[in-house]
Amino acid sequence: MMTPARKFSFSHNILPSHFYDYETTAVAQALLGKLLVHETSAGIVAGRIVETEAYLADDPACHAHGGKKTPRTEVMFGAPGTAYIYLIYGMHNCFNVVTGVEGVGEAVLIRALEPVCGIELMQVWRKQTAPHNLCSGPGKLVYAMGITRALNALSLMEPPLYLAEPVAPPGKFNVVTTTRIGISKGADLPLRFYIKDSLFISRK
DNA sequence: GTGATGATTTAA
DNA sequence: TAAATCATCACT
């Protein structure tokens, strides 16, 4: 008789609150190699973060630049380690990790993941099969992970959506720094970070 | 109320 | 290269 698939989760490896006790650019780099996990009713999906962008309080590309607090940006001023999810271009959503000191509006955009877990689910939700095309963009990974705006403002330190240490010992990797993608203001700032030679980033 | 804008993706 | 598509925000 077949052994039933073991129920598992990554929740015992959740990144603790002190992970966020650093400036946003440092957290953006430290998030590379970590896991983003979503425990859904359909199953667990997870990916290794391979590309991020920092959005800072004094940064013209940041939704909350200059301390601009609106109904939308309010979560960016909340506790670090919460989710900031917003609609972009009327049809996709972007997923961010709120960072920085509470009361200051900063966040890290997750731009790409390497699929780790629940790839079949990702393929269904993305209507794509190629692994390198499942999570290689901020809008794409939101679909692949089953993330919706219902998760906006929720803590990333507990299920169903959370950040975790990878299970296997992290291999050594190099980080590349470039300017950010798809913005007009603040376009020259070196605030995009990705894992060198990753096949899963949104673009070189 | 109205209009400009946008941290994207996809297909042609 | 262009179209799709709509929440958000400032207010010519």
Side-chain angles (χ1 to χ4, degrees), chain A residues 23-32 34 36 47 49-78 80-100 104-115 122-154 156 161 163 175-195 198-204:
Chain A
E23 57 184 87
T24 291
T25 51
V27 175
Q29 296 170 68
L31 281 168
L32 294 174
K34 306 303 190 205
L36 176 63
I49 297 173
V50 296
E51 180 180 350
T52 63
E53 283 179 358
Y55 286 87
L56 309 179
D58 61 355
D59 158 17
C62 180
H63 290 165
H65 72 96
K68 188 174 76 173
K69 192 183 281 190
T70 68
R72 179 179 66 159
T73 65
E74 190 168 9
V75 309
M76 295 183 74
F77 294 83
T82 68
Y84 171 49
I85 303 161
Y86 69 93
L87 179 72
I88 183 69
Y89 290 110
M91 53 187 69
H92 309 299
N93 291 291
C94 287
F95 169 77
N96 300 255
V97 179
V98 172
T99 54
V104 176
E106 303 197 328
V108 173
L109 171 69
I110 307 301
R111 282 198 59 92
L113 305 173
E114 176 180 334
M122 292 184 180
Q123 290 171 323
V124 171
W125 288 336
R126 278 278 293 130
K127 302 177 173 130
Q128 302 279 341
T129 55
H132 67 267
N133 195 27
L134 293 176
C135 303
S136 52
K140 295 179 184 181
L141 72 87
V142 164
Y143 290 112
M145 293 291 295
I147 293 170
T148 69
R149 265 173 300 159
L151 299 166
N152 185 43
L154 296 188
L156 296 169
L161 183 65
L163 292 159
V175 175
V176 180
T177 302
T178 73
T179 55
R180 294 169 295 181
I181 292 175
I183 57 172
S184 50
K185 295 170 277 186
D188 294 335
L189 301 175
L191 294 175
R192 172 175 175 247
F193 310 99
Y194 66 86
I195 292 182
S198 171
L199 301 176
F200 299 91
I201 62 175
S202 63
R203 55 186 254 198
K204 277 286 185 186

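Here the structure is a predicted model, which means the values were calculated and not measured. A, B, ... follow the sequence lines: proteins, then strands. Residue 1 opens every chain.
In this structure, the nucleotide among dA7(B), dG6(B), dC9(C) sitting nearest to the side chain of P71(A) is dC9(C). The listed nucleotides are dT8(C), dT8(B), dA7(B); the one nearest the side chain of Y89(A) is dT8(B). Nearest to the side chain of L87(A), among dA7(C), dT8(C), dT8(B), sits dA7(C). With distances taken from any side-chain atom of Y55(A) to the nucleotides dA7(B), dA4(C), dA7(C), the minimum falls on dA7(B). In the set dA7(B), dC9(C), dT9(B), the nucleotide with an atom closest to the side chain of H92(A) is dT9(B). In the set dG6(B), dT9(B), dT5(C), dG6(B) carries the atom at the smallest distance from any side-chain atom of K185(A). Checking dA7(B), dT10(B), dA4(C) against the side-chain heavy atoms of I183(A) singles out dA7(B) as nearest. The side chain of C94(A) lies closest to dT8(B), out of dT8(B), dG6(B), dT9(B).
One interatomic measurement links the two molecules: CD of Q128(A) to C1' of dT9(B), which rounds to 10 Å at whole-angstrom precision. Summarising the geometry, the separation between NZ on K69(A) and P on dA10(C) is reported as 15 Å, rounded to the nearest angstrom. Nucleotide dA4(B) holds its P atom 18 Å from the CD1 atom of I88(A), rounded to whole Å.
Contact annotation for R72(A): backbone-only contact, meaning every heavy-atom pair under 4.0 Å involves sugar-phosphate atoms and none involves a base. Note on K127(A): nothing from the nucleic acid sits closer than 4.0 angstrom, heavy atoms only. Here R192(A) lies out of heavy-atom contact (under 4.0 Å) with every strand. Using a 4.0 Å heavy-atom criterion, one finds that L109(A) contacts the bases of the nucleic acid, with or without backbone contacts as well.
Under the 3.5 Å distance criterion, the side-chain polar atoms of T25(A) are left unmatched by any main-chain donor or acceptor of A54(A). In this structure, the side chain of E51(A) engages the main chain of S202(A) through a donor-acceptor pair within 3.5 Å. Remark: side-chain polar atoms of E53(A) are paired, donor with acceptor, to backbone N or O of I181(A) under 3.5 angstrom. Of the possible polar contacts, none joining the E106(A) side chain to the T99(A) backbone as a donor-acceptor pair under 3.5 Å is found.
One can find a donor-acceptor pair under 3.5 Å joining the base of dA7(B) and the side-chain atoms of Y86(A).
If you find the closest nucleotide of DNA chain B to S184(A) and to G139(A), the one lying nearer the 5' end belongs to S184(A).
Side-chain N/O atoms of Y55(A) and H65(A) include no donor and acceptor closer than 3.5 Å.
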